[in-house]
2 protein chains.
Amino acid sequence: MARQPIKPTDSELQILNVLWANGPQTVRQVNDDINSKLAPETKETGYTTTLKLMQIMADKGLVTRDTSQRTHIYKSDISESDTQQNLLETFVNTTFKGSAMSLVMQALGNHKASKEELDQIKQLINKLENQ
Amino acid sequence: MARQPIKPTDSELQILNVLWANGPQTVRQVNDDINSKLAPETKETGYTTTLKLMQIMADKGLVTRDTSQRTHIYKSDISESDTQQNLLETFVNTTFKGSAMSLVMQALGNHKASKEELDQIKQLINKLENQ
DNA sequence: GAATATATACGAATTGTTTCGTATTAAGCA
DNA sequence: TGCTTAATACGAAACAATTCGTATATATTC
């Protein structure tokens with residue numbers, strides 16, 4: 001069953017990343033997690049800010065929550081790879097005029113990949129060639 | 001000389017893409033170009049909207065303009081590949097938690113690449129390996 | 001040279017996202 | 001039980017991006 005394009009905002013993605021990494025959680029846990037890894041010069045995110053965002057995300061269907069207890073437990077309702085795939089597509093279209101290949105070339109060329117990483121890619125290419 | 005991160009918005013990028021593709025142009029030309037390739041169900045962008053955006057971009061230094069004639073000529077003041085590189089980095093950080101490799105793998109895996117494209121990538125990998 | 005077409009300038013409305021203050025309610029505890 | 005702590009709900013402020021209306025000036029044309 002196809003869904004329409006899932007396009008979380010940056011803040012929403014930040015929250016989803018926490019839920020994907022650590023599983024179902026409370027607003028408090030998500031908020032603490034986000035504030036625990038702040039970039040320097042960055043202001044903390046207030047608790048009610050995170051709460052509000054997660055409520056909105058629940059409305060949009062990005063997350064579901066268990067409200068049987070007073071403290072709600074939120075979990076992501078969309079998969080990480082589906083979301084990445086969607087965002088990737090949008091990004092390729094806007095920034096690389098639809099050319100996934102030129103994105104790959106740029107990413108590869110710029111990133112100092114290790115031997116292991118390059119091997120991994122070669123392996124994937126082999127698999128793609130033998131299809 | 002390093003610049004600070006160049007991060008045009010989506011609308012700005014749309015305009016930059018026209019300027020990169022077709023060279024220095026008037027607001028009218030850019031606006032027409034954008035409206036000539038509208039996705040279905042998409043509303044046209046008004047002339048003054050594009051004008052305003054390009055004026056803002058001039059303020060920000062994304063474009064420069066020749067105002068010696070009544071009809072101003074705008075040209076991009078930032079390079080396409082630098083901009084792509086910047087946006088790519090931001091995108092990798094937010095959507096792929098900083099892992100350029102996992103982005104490359106996703107992009108490769110999902111995109112149905114032609115033999116030529118795969119060859120091109122293999123060539124690049126070879127070059128990277130011999131460094 | 002008057003009417004028309006087309007350009008810029010620019011304030012303000014609109015829309016979307018994020019942040020925050022505060023009310024209310026439930027738990028925990030002295 | 002009453003006090004403190006911690007949770008949700010929610011309206012609205014603050015910000016940012018985009019869109020638009022309109023004033024004004026300059027060309028163009030008849």
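A, B, ... follow the sequence lines: proteins, then strands. Residue 1 opens every chain. Predicted model only: the values in this text are computed from it and were never measured.
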For residues 65-74 of chain A, which side-chain donor-acceptor pairs fall under 3.5 Å, sequence neighbours excluded?
{"unit_1": "R65(A)", "atom_1": "NH1", "unit_2": "Y74(A)", "atom_2": "OH", "d": "2.9"}
{"unit_1": "D66(A)", "atom_1": "OD1", "unit_2": "S68(A)", "atom_2": "N", "d": "2.8"}
{"unit_1": "D66(A)", "atom_1": "OD1", "unit_2": "S68(A)", "atom_2": "OG", "d": "2.7"}
{"unit_1": "H72(A)", "atom_1": "ND1", "unit_2": "Q69(A)", "atom_2": "O", "d": "3.3"}
{"unit_1": "H72(A)", "atom_1": "ND1", "unit_2": "R70(A)", "atom_2": "O", "d": "3.3"}

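- The shortest side-chain heavy-atom distance between Q120(A) and M101(B) does not fall under the 4.5 Å cut-off.
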Can you name the atoms? Protein N/O to nucleotides 27-30 of chain D N/O, anything below 3.5 Å, with the distance.
none

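- You'll find the side chain of L38(B) reaches within 4.5 Å of the side chain of N35(B), heavy atoms only.
- Under a 3.5 Å cut-off, the side chain of T90(A) and the backbone N or O of L88(A) do not form any donor-acceptor pair.
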Run E80(A) and K97(B) through salt bridge (Lys or Arg N to Asp or Glu O under 4.0 Å) and show every step you take. CA-CA 11 Å; E80(A) 177 168 20; K97(B) 304 200 209 74; 2.6 Å; yes
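- Looking at Q25(B) and V18(B), their side chains come closer than 4.5 Å, going by heavy atoms from C-beta outward.
- The CG atom of D59(A) sits 15 Å away from the P atom of dT18(C) (whole-angstrom rounding).
- Using a 4.0 Å cut-off on heavy atoms, the residues of residues 51-58 of chain B that approach DNA chain C are L51(B), K52(B), Q55(B), listed by number.
- Non-hydrogen atoms lying under 4.0 Å from DNA chain C are contributed by R28(B), all within residues 18-28 of chain B.
- Here the side chains of L87(A) and T83(A) are in contact, with some heavy-atom distance below 4.5 Å.
- Ring geometry for F91(B) against F96(B) counts as perpendicular: the plane angle is over 60°, on a 0 to 90° scale with 30° as the lower cut.
- What you find for S76(B) and W20(B) is that their closest heavy atoms are OG-NE1, 3.0 Å.
- Whole-Å rounding puts the I15(A) CD1 to dT19(C) P distance at 9 Å.
- As rounded to whole Å, 15 Å separates atom C1' of dT15(C) from atom CG of D10(B).
- The two residues V92(A) and A100(A) make their nearest non-hydrogen contact at CG1-N, 3.7 Å.
- Regarding N31(A), its CG atom lies at a distance of 11 Å from the P atom of dT8(D), rounded to whole Å.
- Residue contacts for T71(A): at a heavy-atom cut-off of 4.0 Å it reaches the sugar-phosphate backbone alone, with no base atom in range.
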Report, one line per pair, each donor and acceptor closer than 3.5 Å where one atom sits in a side chain of residues 43-63 of chain A; sequence neighbours left out.
{"unit_1": "T50(A)", "atom_1": "OG1", "unit_2": "N31(A)", "atom_2": "ND2", "d": "2.6"}
{"unit_1": "K60(A)", "atom_1": "NZ", "unit_2": "E12(A)", "atom_2": "OE2", "d": "2.7"}

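- A close approach under 4.0 Å does occur between a side-chain nitrogen or oxygen of S11(A) and OP1 or OP2 of dT18(C).
- Put simply, the side chain of N110(A) never gets that close to the backbone of Q106(A): no donor and acceptor are under 3.5 Å apart.
- A113(B) approaches L118(B) most closely through the heavy-atom pair CB-CD2, 3.8 Å.
- For residues 37-48 of chain A, proximity to DNA chain C is found at K43(A), T48(A), defined as any non-hydrogen atom under 4.0 angstrom from a strand atom.
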